[in-house]
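What follows is a set of notes on a single structure, which appears directly below.
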Amino acid sequence: VQTSSGNPFKPQRVMVIGGDGYCGWATALHLSNKGYEVAIVDSLVRRLFDHQLGLESLTPISSIQNRLHCWKSLTGKNIELYIGDICDFEFLSETFKTFEPDAVVHFGEQRSAPYSMIDRSRAVYTQQNNVVGTLNVLFAIKEFREQCHLVKLGTMGEYGTPNIDIEEGYITITHNGRTDTLPYPKQASSFYHLSKVHDSHNIAFTCKAWGIRATDLNQGVVYGVRTDETALHEELYNRFDYDGIFGTALNRFCVQAAVGHPLTVYGKGGQTRGFLDIRDTVQCVELAIANPAKPGEFRVFNQFTEQFSVNQLAELVTKAGEKLGLDVKTIHVPNPRVEAEEHYYNCKNTKLVDLGLKPHFLSDSLLDSLLNFAVQYKDRVDTKQIMPSVSWKKIGVKTKTVTA
Ligand code: NAD
Ligand code: USQ
């Protein structure tokens, strides 16, 4: 693997912001396993949201300190830990000066669309945390580590659901006889998804203005829980969100099937999105780091492997559940969101495959193992947390205490 930390094109030292979260934890271990020097930066604010909202991961998760201790004792590999908020620039500066990253993978944002739609204060928090955090990372790179490559987690939701094919970041348009390649139009549909649009604009601007090298990974919905590394020991297990605020479609459906709750399809269920296995999240990030953007380049990859509608996912989980002897029903819940429920959807996703991504497509065996995993932990499920509790239309200025 890579060796020289002096050569910016052979990144060796990787800072994983948000490394205590779902995607970040799996990625930090994967990169450490692959021989990178890894530092996790995290404020642990996600664990605080869970406490505040009365939520818990399906899987019991160890403290970040115990996680890292376990990793070191199993593999001999050290992962540095910096606990703090990247919106605090002094803290971020110190971590940059101490760790001297060649690449920063930035997962450290408030990532739930429903959370951002609870009330005004959560909407403002989400945009402040995400936009200011990313701006701070950009300033830290400019000031302390010019050659450092920013690998930023964006979202497929930045594009919305236009009635034309979705390209990877840019579209070539001919207008009144003139042609240009322009950023693909953005039509996000929550204050969270919009925070990612704002981030993308800020990153694109700093690539142009300061010569920052950046890759925006427009990731689809992630499913699954085990990766080679997190499966090594119970103390390394990843979080698995199934509740109505942080849980995402396929993972939620598996838990619902395991506890005999009907699958919650919102509205007509024709909503189609890009999806990927968490084992591919870690692979994609590794590929982006190993093949950095050029100075000044703002590169955009669409990071998903397959498209499914919510109805298709419900069908797949129903069939897989039947094989395991589960009686799986589906209900159409009035859609708490404002989104198209029947629409055209065709997205490009060739750039990561060109770099060598070998996708783990959704298979019967993965669904079996996810369902079995959910069954194994079903006594930990709080069924009151399953139905959606946040409405896009009812958001107001009054601070809301969300109760199940
Ligand atoms: P997560 O909530 O599990 O993890 C996010 C982590 O970032 C948490 O540990 C949290 O404490 C930390 N964090 C948040 N704000 C911070 C701050 N200001 N300073 C320091 N740490 C901070 O989320 P996840 O599911 O792992 O998502 C990670 C990233 O990937 C997010 O940016 C998300 O938008 C993106 N993404 C996730 C999915 C998905 O399906 N989970 C899909 C597409 C994109
Ligand atoms: N949905 C249901 N039933 C459910 C849950 C969701 O029908 O029980 C529908 C939603 O209405 C939506 C679709 O499934 O149309 C996806 O919803 P989701 O909750 O699985 O995902 P989303 O809110 O889009 O957010 C998640 C992550 C976010 C990431 C995004 C990628 O939380 O961080 O950015 O997936 S994407 O969807 O491509 O924008």
Side-chain angles (χ1 to χ4, degrees), residues 111-119 122-123 126 154-167 171 184-197 218-223 241-257 261-276 302-321 328-349 361-362 367 370 385-396 402 404:
R111 70 106 174 124
S112 156
Y115 186 93
S116 76
M117 302 302 290
I118 293 175
D119 56 22
R122 264 66 167 239
T126 299
T155 177
M156 285 301 296
E158 292 185 38
Y159 301 119
T161 53
N163 199 28
I164 56 171
D165 293 347
I166 295 175
E167 305 296 321
I171 182 167
Y184 196 93
K186 304 288 170 78
Q187 303 188 77
S189 63
S190 74
F191 288 119
Y192 154 70
H193 286 99
L194 280 160
S195 74
K196 296 284 189 183
V197 174
N218 283 340
Q219 185 169 240
V221 187
V222 182
Y223 61 80
D241 301 312
Y242 65 87
D243 62 89
I245 293 180
F246 284 97
T248 50
L250 183 55
N251 282 354
R252 262 165 74 65
F253 288 177
C254 289
V255 172
Q256 292 168 354
H261 191 289
L263 309 187
T264 53
V265 168
Y266 298 166
K268 294 190 182 128
Q271 302 93 304
T272 304
R273 300 286 183 271
F275 286 81
L276 74 162
N302 291 347
Q303 181 167 314
F304 70 95
T305 58
E306 287 171 286
Q307 297 186 176
F308 296 102
S309 72
V310 181
N311 283 331
Q312 285 172 327
L313 292 181
E315 271 170 41
L316 288 169
V317 172
T318 305
K319 277 200 199 118
V328 185
K329 302 246 161 18
T330 291
I331 42 169
H332 285 265
V333 178
N335 198 335
R337 307 184 180 201
V338 177
E339 60 185 358
E341 294 173 5
E342 287 170 311
H343 58 89
Y344 178 78
Y345 202 68
N346 185 33
C347 299
K348 300 280 164 63
N349 61 346
F361 293 116
L362 182 58
L367 274 176
L370 250 190
Q385 301 293 354
I386 289 180
M387 290 301 279
S389 54
V390 178
S391 151
W392 264 225
K393 289 204 172 138
K394 290 193 192 136
I395 186 170
V402 182

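Any value given below was found using the heavy atoms of this structure, including those in side chains, with hydrogens, waters and symmetry copies removed. We're numbering straight along the sequence, starting at 1.
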Open item on the list: Within this structure, what is the CD-OG distance for the pair Glu315 and Ser309, rounded to the nearest 0.5 Å?
Closed with: 7.5 Å

Task: Ser391 OG to Ile118 CD1 distance, which is reported to the nearest 0.5 Å - done: 12.0 Å

Open item on the list: Within the 4.5 Å heavy-atom criterion, are Pro185 and Ile171 side-chain neighbours or not?
Closed with: yes

Task: Side chain to side chain, Asn311 and His332, heavy atoms closer than 4.5 Å - done: yes

Open item on the list: Is there a side-chain contact between Thr330 and Phe253 in this structure, where contact means two heavy atoms from C-beta onward sitting under 4.5 Å apart?
Closed with: no

Open item on the list: If we ignore hydrogens and angles and just use 3.5 Å, is the side chain of Thr305 paired with the main-chain N or O of Phe275 as donor and acceptor?
Closed with: yes

- [ ] Report yes if some heavy atom in the side chain of Arg273 is under 4.5 Å from a heavy atom in the side chain of Thr161; otherwise report no.
- [x] yes

- [ ] Going by the side chain to side chain donor-acceptor pair (under 3.5 Å) test, name the single residue among His343, Glu339, Glu341 that passes it with Gln271.
- [x] Glu339

- [ ] Provide the closest heavy-atom pair for Asp241 versus Asn251 in the form atom of the first, atom of the second, distance.
- [x] O-CB, 4.2 Å

Open item on the list: To check you understand the geometry: which heavy-atom pair defines the closest contact between Val222 and Thr248, and what is its length?
Closed with: O-OG1, 3.6 Å

Task: Minimal non-hydrogen separation, Arg122 against Thr126, with atom names - done: O-OG1, 2.7 Å

Open item on the list: So, taking the atom named CE in Met387 and the one named NE2 in His261, what distance separates them when rounded to the nearest 0.5 Å?
Closed with: 5.5 Å

- [ ] Report yes if the side chains of Tyr345 and Ile166 come closer than 4.5 Å at any heavy-atom pair, otherwise no.
- [x] yes

Task: Interatomic spacing from CD in Glu158 to OG in Ser195 - rounded to 0.5 Å - done: 8.5 Å

TODO: Name the orientation class of the two ring planes belonging to Tyr159 and Tyr184 (parallel below 30°, tilted from 30 to 60°, perpendicular beyond 60°).
DONE: perpendicular

Open item on the list: Minimum heavy-atom separation for Leu276 and Gln303, please, with both atom names.
Closed with: CD2-O, 3.5 Å

TODO: Determine the minimum heavy-atom distance between Tyr192 and Ser116, stating which atoms define it.
DONE: N-OG, 2.9 Å

Open item on the list: On a heavy-atom basis, which atom in His193 and which in Ser189 lie closest, and how many Å separate them?
Closed with: CB-N, 4.1 Å

Open item on the list: When you measure from the side chain of Gln307 to the backbone of Thr272, do you find a donor-acceptor pair of N or O atoms at a distance under 3.5 Å?
Closed with: no

Open item on the list: Contact between Pro114 and Arg337 at the side-chain level, heavy atoms closer than 4.5 Å - yes or no?
Closed with: yes

Task: Nearest-0.5 Å distance, CG of residue Leu313 to CG of residue Leu362 - done: 7.5 Å

Task: Tyr223 side chain near Val221 side chain, heavy-atom distance below 4.5 Å - done: no

Open item on the list: The test is side chain to side chain donor-acceptor pair (under 3.5 Å); show your working for Gln256 and Thr264 and say whether it passes.
Closed with: CA-CA 8 Å; Gln256 292 168 354; Thr264 53; 2.9 Å; yes

Open item on the list: For Phe191, is the CZ atom crowded, meaning more than 12 foreign heavy atoms sit under 6.0 Å from it?
Closed with: no

Task: Side-chain heavy atoms of Leu263 within contact of Val328, under 4.5 Å - done: yes

Open item on the list: If I take atom CZ from residue Phe304 and atom CG from residue Asn349, how far apart are they, to the nearest 0.5 angstrom?
Closed with: 4.0 Å

